Amino acid sequence: MVMGLHLGRSLILGSYKAPRQMIWVTGVIILLFVPLFIITGDLLPWDQKGYWSTQVRLSIISSVPGIGHLAARLLQGGSLTGVVALTRFYVLHILMLPGLLALFVVVHFHFIRHRGLAESMGSDPVSRPRIPFYPNMVNRWLFLFIMVSIILGVISWHWTPPFGDPADPTDSSYIPKPEWWVLFLNQLVSVFKGSLAVLGSTIIPAGLAGLALCLPFIDRSPHRHPTRRWKILLPAAAIVVAIFILSIMGYMEHFVLVEN
Ligand code: HEM
């Protein structure tokens with residue numbers, strides 16, 4: 001949610017524009033880590049929900065043309081989701097993804113340091129006080145990071161997340177309910193059926209990610225004020241509305257209609 005707000009702010013204020021293109025690009029790459037953390041993390045409790053959600057995701061990954069089948073087999077370490085898959089997901093989740101994420105956050109900060117933050121709209125850049133990147137800015141972010149970590153630590157220690165029933169690969173009657181943040185993706189996959197399924201599982205999500213990555217190179221006008229950038233902000237708002245509608249449809253399908 002915080003990353004979404006941060007992205008929204010950068011989009012509305014046009015702070016992805018030159019010379020800050022690479023700050024935005026590294027930001028989008030960081031955002032793409034979120035689904036990878038979700039996919040690899042969900043299996044780790046080895047409960048019914050995690051196991052069957054993983055099965056659904058692996059079948060979606062398998063359906064990606066070309067590399068899908070190989071990617072799913074590599075993740076699983078065989079044709080079944082068992083102890084090898086659990087070990088692979090664990091190593092990815094606690095070692096490789098955090099390492100890569102940390103690397104990209106460092107690169108994000110590197111570009112922030114060298115390209116500077118965008119001037120706030122309407123302020124006179126000359127009269128604006130300049131704050132040194134190191135130690136002042138870094139210390140502020142570090143303080144925020146430590147506070148958020150402590151608060152999250154206390155929350156997860158005090159309100160321990162519940163375990164579901166242990167994973168039972170023989171119980172295929174279990175239907176996992178998607179988490180709210182993936183409802184729109186699940187819905188996108190189920191809207192397109194048969195030969196069009198590839199649209200929902202690959203083409204639209206990859207196209208959106210590609211568009212987001214290329215945004216600074218598509219919108220190269222020097223204007224940053226939102227009223228002068230409606231050609232970008234209007235389609236972006238339409239995408240947000242579409243995500244919202246798909247999420248509501250997913251919620252109705254998985255939570256309301258199922259219970260009735
Ligand atoms: C782990 C995730 C992230 C961290 C820790 C992070 C951190 C930061 C920090 C500390 C700043 C400088 C202060 C600020 O403007 O808020 C910044 C700036 C920026 N970030 Fe991120 N960011 C993350 C993800 C993202 C994402 C997902 C995007 C968008 C796709 C993004 C795009 C930008 C842009 C364009 C700026 C420059 C803002 C400006 O010049 O006003 N970042 N980031």
Side-chain angles (χ1 to χ4, degrees), residues 1-41 92-153 181-182 184-185 205-226 228-229 232-233 235-240 243:
M1 280 170 79
V2 174
M3 276 199 218
L5 291 173
H6 184 56
L7 180 145
R9 170 189 172 275
S10 308
L11 182 71
I12 292 170
L13 298 181
S15 38
Y16 54 82
K17 296 200 166 210
R20 294 176 193 81
Q21 300 96 319
M22 290 313 291
I23 306 183
W24 171 270
V25 170
T26 48
V28 175
I29 296 174
I30 289 173
L31 192 69
L32 295 178
F33 273 84
V34 175
L36 299 179
F37 271 105
I38 295 174
I39 293 173
T40 53
L92 281 170
H93 193 78
I94 62 133
L95 211 66
M96 297 198 178
L97 290 177
L100 280 172
L101 177 66
L103 182 74
F104 278 105
V105 171
V106 170
V107 180
H108 194 61
F109 282 10
H110 165 83
F111 284 115
I112 293 171
R113 178 181 191 166
H114 288 278
R115 306 292 161 95
L117 291 177
E119 291 82 34
S120 49
M121 235 153 259
S123 79
D124 173 6
V126 182
S127 64
R128 203 168 155 223
R130 291 195 69 80
I131 304 165
F133 182 86
Y134 186 82
N136 302 41
M137 295 293 275
V138 172
N139 279 351
R140 284 185 193 183
W141 296 331
L142 217 54
F143 176 74
L144 190 71
F145 176 74
I146 292 170
M147 290 315 284
V148 172
S149 302
I150 291 176
I151 292 169
L152 284 180
W181 59 79
V182 281
F184 77 97
L185 278 177
L208 281 179
L211 259 182
L213 273 173
C214 299
L215 178 64
F217 312 101
I218 298 171
D219 177 18
R220 288 197 283 191
S221 73
H223 310 298
R224 279 188 49 220
H225 201 280
R228 302 192 69 176
R229 291 173 35 246
I232 293 294
L233 293 183
I239 292 173
V240 173
I243 289 177

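Note that the coordinates shown come from a computational prediction; the quantities given were computed from them, not determined experimentally. We count ligands from 1, going down the list as the structure has it; atoms in each ligand are counted the same way.
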**Report entry** Non-hydrogen side-chain atoms of L36 and L92 separated by less than 4.5 Å
**Finding:** no
Query - Close side-chain approach of M137 and L117, heavy atoms under 4.5 Å - result: yes
Can you tell me the protein heavy atom closest to [atom] and the distance?
atom: atom 10 (C) of ligand 1; value: W141 CE2, 3.2 Å
atom: atom 27 (C) of ligand 1; value: G27 O, 3.0 Å
atom: atom 4 (C) of ligand 1; value: H108 CD2, 4.4 Å
atom: atom 2 (C) of ligand 1; value: I30 CG2, 3.4 Å

Query raised in the report: What residue among Y16, F109, F111 forms side chain to side chain contact (heavy atoms under 4.5 Å, CB included) with I23?
Result: F111
Query - Residue-ligand contact F109/ligand 1, heavy atom below 4.0 Å - result: yes
Query raised in the report: Does the R115 side chain pair with the main chain of P19, one donor and one acceptor, at a distance under 3.5 Å?
Result: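 Checking the backbone N and O of P19 against the side chain of R115, a donor-acceptor pair under 3.5 Å is found.
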**Report entry** P222 backbone acceptor or donor facing K17 side chain under 3.5 Å
**Finding:** no
Query raised in the report: Which of these, R115, H6, M137, has its nearest heavy atom closest to atom 19 (C) of ligand 1?
Result: H6
Query raised in the report: Out of V34, I112, V2, L215, who gets a non-hydrogen atom closest to atom 17 (C) of ligand 1?
Result: I112
Taking all heavy atoms of [X] and all of [Y], pick out the closest pair and write down the distance.
X: H6; Y: H108; result: NE2-NE2, 4.2 Å
X: H93; Y: F37; result: CE1-O, 3.1 Å
X: A212; Y: W24; result: O-NE1, 2.6 Å

[X] neighbourhood, listing ligand 1 atoms whose heavy-atom distance to it stays under 4.0 Å:
X: S15; result: 35 (C), 38 (C), 39 (C), 40 (O), 41 (O)
X: R20; result: 40 (O)
X: R9; result: 15 (O), 38 (C), 41 (O)
X: V28; result: 30 (C)
X: S10; result: 32 (C), 33 (C), 34 (C), 35 (C)
X: I23; result: 19 (C), 20 (N), 33 (C), 34 (C), 36 (C), 37 (C)

Query - Within 6.0 angstrom of F217 CZ, more than 12 heavy atoms from elsewhere - result: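 Enclosed: over 12 neighbouring heavy atoms sit under 6.0 Å from CZ of F217.
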Query raised in the report: With a 4.0 Å heavy-atom cut-off (strictly under), which part of A118 contacts ligand 1: side chain, backbone, both or neither?
Result: both
